[in-house]
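These notes are about the structure you will find just below.
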There are 2 protein chains.
Amino acid sequence: MFKKPYELFFKTLANEQRLKIINLLRKCPKNVTQICKELNFNQTTVSHNLKKLKTCGFVFNKKNGKERIYSINKTTIKPLMELIDKHTDKFCRHLCC
Amino acid sequence: MFKKPYELFFKTLANEQRLKIINLLRKCPKNVTQICKELNFNQTTVSHNLKKLKTCGFVFNKKNGKERIYSINKTTIKPLMELIDKHTDKFCRHLCC
DNA sequence: AAGTTATATGTTATATTCTACATATGTTTA
DNA sequence: TAAACATATGTAGAATATAACATATAACTT
């Protein structure tokens, strides 16, 4: 009935900058400017990437005056990353550098 | 110490043809020719894609005479897909078509 | 209201990935 | 050993994604 958008999800996760944003937000919520500064990324790229992450439900945001606070969707991201970590340990030691 | 290859994993999963191969192999192991025929893909593309999936440990293969039987890594793929399904249901109804 | 700060969006050159062609390698069969 | 079959690999044009520039929008400050 419903086609599941696996490809969109994985494409969205398959980007170094977005992965770094995800990793940063796992610690605590931050606004766009903070994300830019801490990762040394430019603002337009970060906004574009946050939009993609939001479309996929990997991050949420809320308004606070003129700033937007972005937070991670822990329900999905935590077990997802743990699963990948377990997979790497068990099947992909050869890929570690 | 070890950098985890998240980006490589997600890039490898972020491809329609590879997702279809994964989906096919979830049912049962198959050789390259069977995969090509059932999905109507050309052989060189399938071999290239199987190689990428194998590098990431998402599929395994074994020799049987001149053919190679590919099978899915259920340990990772099953919970991964279930996680994505749960995520879609809960956070991404809007993405369903 | 004008200026400033914070974030979002449209667009495009560049970089990356995909797909298929050509061909190589390996295995079985006649 | 030659032919046939099964799969893998090198490569390049086509397709797609990325990142940054220019600019728009929105909210706060004076």
Side-chain angles (χ1 to χ4, degrees), chain A residues 3 5-25 28-73 94-95 97, chain B residues 3 5-25 28-72 94-95:
Chain A
K3 189 191 166 208
Y6 298 110
E7 195 185 346
L8 173 64
F9 288 158
F10 291 130
K11 268 187 170 37
T12 299
L13 293 168
N15 173 274
E16 195 183 358
Q17 194 164 123
R18 290 192 289 275
L19 284 169
K20 284 185 176 168
I21 293 172
I22 286 174
N23 199 43
L24 184 67
L25 293 180
C28 67
K30 295 190 189 293
N31 69 29
V32 178
T33 303
Q34 287 174 315
I35 296 170
C36 293
K37 280 196 180 140
E38 296 192 33
L39 296 176
N40 199 31
F41 291 152
N42 112 351
Q43 181 265 314
T44 58
T45 310
V46 168
S47 282
H48 277 297
N49 281 330
L50 284 169
K51 188 181 185 181
K52 290 187 185 187
L53 289 169
K54 195 191 169 193
T55 298
C56 288
F58 295 142
V59 302
F60 309 118
N61 66 0
K62 64 176 180 189
K63 233 176 174 172
N64 178 34
K66 60 190 167 185
E67 60 180 11
R68 303 293 162 92
I69 312 293
Y70 281 83
S71 58
I72 202 85
N73 179 347
H94 61 102
L95 287 178
C97 28
Chain B
K3 188 189 168 209
Y6 298 110
E7 194 184 347
L8 174 64
F9 288 159
F10 291 129
K11 268 186 171 33
T12 299
L13 293 168
N15 174 275
E16 193 183 0
Q17 193 163 123
R18 288 191 290 274
L19 284 170
K20 284 184 177 169
I21 292 172
I22 286 174
N23 198 44
L24 184 68
L25 293 181
C28 67
K30 294 189 189 293
N31 69 29
V32 178
T33 303
Q34 287 174 316
I35 295 171
C36 294
K37 281 197 179 138
E38 295 192 33
L39 296 176
N40 199 31
F41 292 151
N42 112 349
Q43 182 264 315
T44 58
T45 310
V46 168
S47 282
H48 278 297
N49 281 329
L50 284 169
K51 187 180 185 182
K52 291 186 185 188
L53 290 169
K54 195 191 169 193
T55 297
C56 289
F58 296 140
V59 302
F60 309 118
N61 66 0
K62 65 176 182 190
K63 233 176 174 171
N64 179 33
K66 60 189 168 186
E67 60 180 10
R68 303 292 162 92
I69 311 293
Y70 281 83
S71 59
I72 202 84
H94 61 101
L95 287 179

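Throughout, a chain's letter reflects where its sequence line sits, starting with A, and its residues are numbered from 1. Predicted, not measured: the structure shown is a model, and the values here were computed from it.
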Worksheet item: Rounding to a whole Å, what distance do you find between B/Glu16:CD and D/dA17:P?
Response: 12 Å

Discussion item. Strictly distance-based, threshold 3.5 Å: is any side-chain N or O of A/Glu38 a donor or acceptor partner for the main-chain N or O of A/Ile35?
Written reply: no

Item to complete: Give the nucleotide from the list C/dT7, C/dC18, D/dA19 with an atom nearest to the side chain of A/Val32.
Response: C/dT7

Worksheet item: For the ring pair B/Phe10 and A/Phe9, is the centre-to-centre distance below 6.0 Å?
Response: no

Worksheet item: Hey, does the side chain of B/Lys11 reach the backbone of A/Ala14 with a donor-acceptor pair shorter than 3.5 angstrom?
Response: yes

Response to the item:
From the candidates C/dC21, C/dA8, C/dT27, the one with an atom nearest any side-chain atom of A/Ser47 is C/dA8

Worksheet item: Is there a donor-acceptor contact under 3.5 Å from the side chain of A/Arg18 to the main chain of A/Leu50?
Response: no

Discussion item. Output the rounded distance in Å from CZ (A/Arg68) to P (D/dA26).
Written reply: 9 Å

Fill in: Candidates D/dT7, C/dT19, C/dT7 - which lies nearest the side chain of A/Glu67
C/dT7

Worksheet item: In terms of side-chain heavy atoms of B/Tyr70, which of D/dA8, D/dT18, C/dT7 is nearest?
Response: D/dA8

Item to complete: Using whole Å, report how far CD of B/Gln34 lies from P of D/dC5.
Response: 17 Å

Practice prompt. Figure out the CD/P separation between A/Glu7 and D/dT16, and round it to whole Å.
Written response: 10 Å

Discussion item. Rounding to an integer number of Å, can you tell me how far A/Leu39 CG sits from D/dA19 P?
Written reply: 13 Å

Item to complete: Starting from C1' on D/dA8, measure out to CZ on B/Phe41 and report it in whole angstrom.
Response: 19 Å

Worksheet item: D/dA8 base to B/Gln43 side chain: any donor-acceptor pair below 3.5 Å?
Response: yes

Worksheet item: If only side-chain N and O atoms of A/Asn15 are considered, is one of them under 4.0 Å from the OP1 or OP2 phosphate oxygen of D/dA19?
Response: yes

Practice prompt. Tell me which of A/Ala14 and B/Lys51 sits closer to the 5' end of DNA chain D, going by the nucleotide each one is nearest to.
Written response: B/Lys51

Worksheet item: Taking atom P of D/dT18 as reference, at what distance in whole Å does atom CD1 of A/Ile21 sit?
Response: 12 Å

Worksheet item: Rounded to whole angstrom units, what separation is found between the CG atom of B/Asn42 and the C1' atom of D/dA8?
Response: 13 Å

Worksheet item: Nearest nucleotide by nearest heavy atom, which residue falls closer to the 5' end of DNA chain D, A/Lys66 or A/Asn49?
Response: A/Asn49

Worksheet item: In terms of side-chain heavy atoms of B/Thr45, which of C/dT19, C/dA8, D/dA8 is nearest?
Response: C/dT19

Worksheet item: Of all the choices, D/dA8, D/dT18, C/dC18, which nucleotide is nearest to the side chain of B/Asn61 once you look at every atom?
Response: D/dA8

Worksheet item: Does any N or O donor sit under 3.5 Å from an N or O acceptor when you compare the side chain of B/His48 with the base of C/dA20?
Response: yes

Discussion item. For the backbone of A/Glu67 and the side chain of A/Asn64, can you confirm whether one donor and one acceptor N or O come within less than 3.5 Å of each other?
Written reply: no

Worksheet item: Taking for each residue the nucleotide of DNA chain C bearing the nearest heavy atom, is the 5' side occupied by B/Thr44 or by B/Lys52?
Response: B/Lys52

